Amino acid sequence: MRTRRTVDESARLPVATPADVRAEATGLFRQHRGPLSVTLALHVLAAAFGLAGPFLLGRMVDGVVEGTSTTRIDVLAATLAGFIIAQAVLTRLAIRRALVLGEEVFAQLRETFIARVLALPLSTVERAGTGDLVARTTGDIDALSRTVRFAVPEILVAFVTTVLTLGAAIIAGPLVAAGAIVGVPLLYLGTRWYLKRARDGYLWERAAYASLDGSVTETVDGLRTVEALNMADVRIRRTEDDVAEAYAAERRTLFLRSVWFPTAEMSYVLPVVGTLAWGAWLVSGGHATVGQVAAVVLYMVQIADPVDRLVSWLDELQVGTSSLARVVGIAKVPEDRAATGATPDGEDIRADSVRYAYVDGQDVLHGISLELRPGERLAMVGPSGAGKSTLGRLLAGIHPTRAGRVEVGDVPLVDLELDRLRREVVLVTQEHHVFVGTMRDNLALAAPDATDDELRRALDAVDALEWAEALPDGLDTVVGSGGHPIGPAQAQQIALARIVLADPHTLVLDEATSLLDPRAARHLERSLSAVLSGRTVVAIAHRLHTAHDADRVAVVEDGRISELGSHHELVEHGEAYAALWESWHGRPARESTHQS
Ligand code: ADP
């Protein structure tokens, strides 16, 4: 196949193996065995009624040929009409059942999928990027929905009808029906050829579209960066590459279809011709009746429809299977932690020889040890890219370490149940998402059992009670996208109120207020200090006055802590921190106060 762009494969979200996909599909079928049997039974009945026509016609022809016809044509016609009506009614019932079943199965798949996505380890999502995940949530789920709702029922019905029609042809004229075999080799070989190649083709296609979606989204999301760095050309080239890749993948599967469809088409026209010629020969030798030939040829004409449907939906099934493989693949992501149910003995957090790598083989932290003293303020300073945020996330238990341990009260953070972890330490970032839902829902995320009084107290603690009570429906006001508008400062206050509710003893603060405008920031500073009081705080400091006010300062350089001590000790020490302080403090006093 054509060359594919090389990416860091270890970072990709996994795709399930055919065996896993089969197991998943079998499991689904098994869970819905009852309704599935009813649906199939209805279809079998409907198909059986549809098969009576050629059979009766064959008998009629023979009657006429032999001159022994005893059945009146009008009675025969009435019987036929009765069969057709019965078939129509049964088909309608069967299709209805099949569609309802499809919806149920699809709803279940979607729920399972969401549960799996939410259970994904954050470290994996960060590594793989969100593009692939979003593509699986949208494109693949859509493809899967078509398969489950339409392809699977259609295939089952077409298959049943094909088998029954063949059976009927054999009963009507066993010898004549043998002529139908001419179509089989072509159908078999063509389908085998296709199926062998289709899975890879469609997986490639889906992956190519996922990557295209991802890079376009990224360009749009990072528009300002793209403009600022004059990267438009680079991004356009990247998108063009992605489009070329998707085009190549699309051409590949189109080629597969363009070979397979005509072959299949041929293979169900051949039996009509085959049985007619073969039948004529049999009749001339006295081995079959004209009526038998008529009936079998009619069956062969009739069988073209279900086989045709089978063939075209089988293709859709390939698309669906590829999507299912990508959707089920989500469940194959190994857990990055295993809660042992241990309870920490104490509130002191300690990092011991911690190493971490985003990309295999490239450590960004090189053996960091650090002991937080309960109740202290520790500021982390250092150049950008030194590893401050990474260390912060490890101290908050977001990422597991690659080597070394981060513990609270002698229990590794990653051994804690997630809700337990949240009561020990929480990471506070500038990302403060307001979810679609009521104010109450948004706050209760942190404490599902909190009473309204507790929610109000939390809002009050972060200075947000006033505006929250002034909302049109108070705590019942729907906020989030499409709901009552919430400003960035208010969103940050909601995030802070969640922390008050979760009530962890330690907070890791990553640039908590640096992006807000200064007036909002000063207001938030008050909310924030209310949240910080009485807790151990690790602050990733972007302004040195945070460091000056802290109990201790850790200077992080190149994935290591190069200095650790109080502001005064470090200034005395006369190394990196002293130099930083000097350059910052050396400025005119007025400017430095303004900066802070
Ligand atoms: P700081 O907070 O001190 O600016 P970071 O902890 O953000 O530093 O980054 C430390 C190193 O890890 C940098 O080299 C950065 O490029 C890398 N890094 C950070 N986040 C990721 C990520 N999601 N994937 C890959 N590398 C990352």
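As the structure is a computational prediction, the values presented were derived from the model and not from experiment. As the structure lists them, so they are numbered: ligands from 1, and atoms in each ligand from 1.
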List every atom of ligand 1 that sits less than 4.0 Å from any heavy atom of Ser384, numbering the atoms from 1 in the order shown and giving each element. 4 (O)
Among all the protein's non-hydrogen atoms, which is closest to atom 22 (C) of ligand 1, and how far away is it? Tyr358 CD2, 3.3 Å
For ligand 1, indicate whether the residue Val364 contacts it via side chain, backbone, both or neither (heavy-atom separation under 4.0 Å). side chain
Looking at Val319 and Ala143, what are the two nearest heavy atoms and their distance? CG1-CB, 4.2 Å
Over all heavy atoms of both residues, which pair between Val555 and Ala576 is shortest? Give the atoms and the distance, please. CG1-CB, 4.5 Å
Below 4.0 Å from any atom of ligand 1, is there a heavy atom belonging to Gly559? no
Are Ser145 and Asp142 close enough that a side-chain donor and a side-chain acceptor fall under 3.5 Å? no
What atoms in ligand 1 come closer than 4.0 Å to a heavy atom of Thr390? 5 (P), 6 (O), 9 (O), 10 (C)
Name the orientation class of the two ring planes belonging to Tyr358 and His399 (parallel below 30°, tilted from 30 to 60°, perpendicular beyond 60°). perpendicular
Would one find an N or O of Ala386, backbone or side chain, under 3.5 Å from an N or O of ligand 1? yes
Under 6.0 Å from the CG atom of Asp551, do we count more than 12 heavy atoms belonging to anything else shown? yes
Taking 4.0 angstrom as the limit and counting only heavy atoms of Pro383, give me the atoms of ligand 1 inside it, by number and element. 3 (O)
Report, in ascending order of atom number, the atoms of ligand 1 lying under 4.0 Å from any heavy atom of Lys388. 1 (P), 2 (O), 3 (O), 4 (O), 6 (O), 8 (O)
Nearest protein heavy atom under 4.0 Å from atom 19 (C) of ligand 1, yes or no: yes
Any atom of ligand 1 sitting under 4.0 Å from a heavy atom of Gly387? yes
Heteroatom distance test (Val359, ligand 1): nitrogen or oxygen, under 3.5 angstrom: no
One thing to verify: whether Arg238 and Asp242 come together as a salt bridge, which I'm taking to mean a side-chain N less than 4.0 angstrom from a carboxylate O. yes
Salt bridge between Arg535 and Asp503, side-chain N to carboxylate O under 4.0 Å? yes
Thinking salt bridges, do Asp549 and Arg377 make one under a 4.0 Å N-O criterion? no
Short list, please: which atoms of ligand 1 are under 4.0 Å from a heavy atom of Ser389? 1 (P), 2 (O), 6 (O), 7 (O)
Got a protein heavy atom sitting under 4.0 Å from atom 6 (O) of ligand 1? yes
Looking at Asp132 and Arg136, is there a salt bridge between them, counting it only when a charged N and a carboxylate O are closer than 4.0 Å? yes
Near Gly385, which atoms of ligand 1 are under 4.0 Å from a heavy atom of that residue? 1 (P), 3 (O), 4 (O), 8 (O), 10 (C), 11 (C), 13 (C), 14 (O)
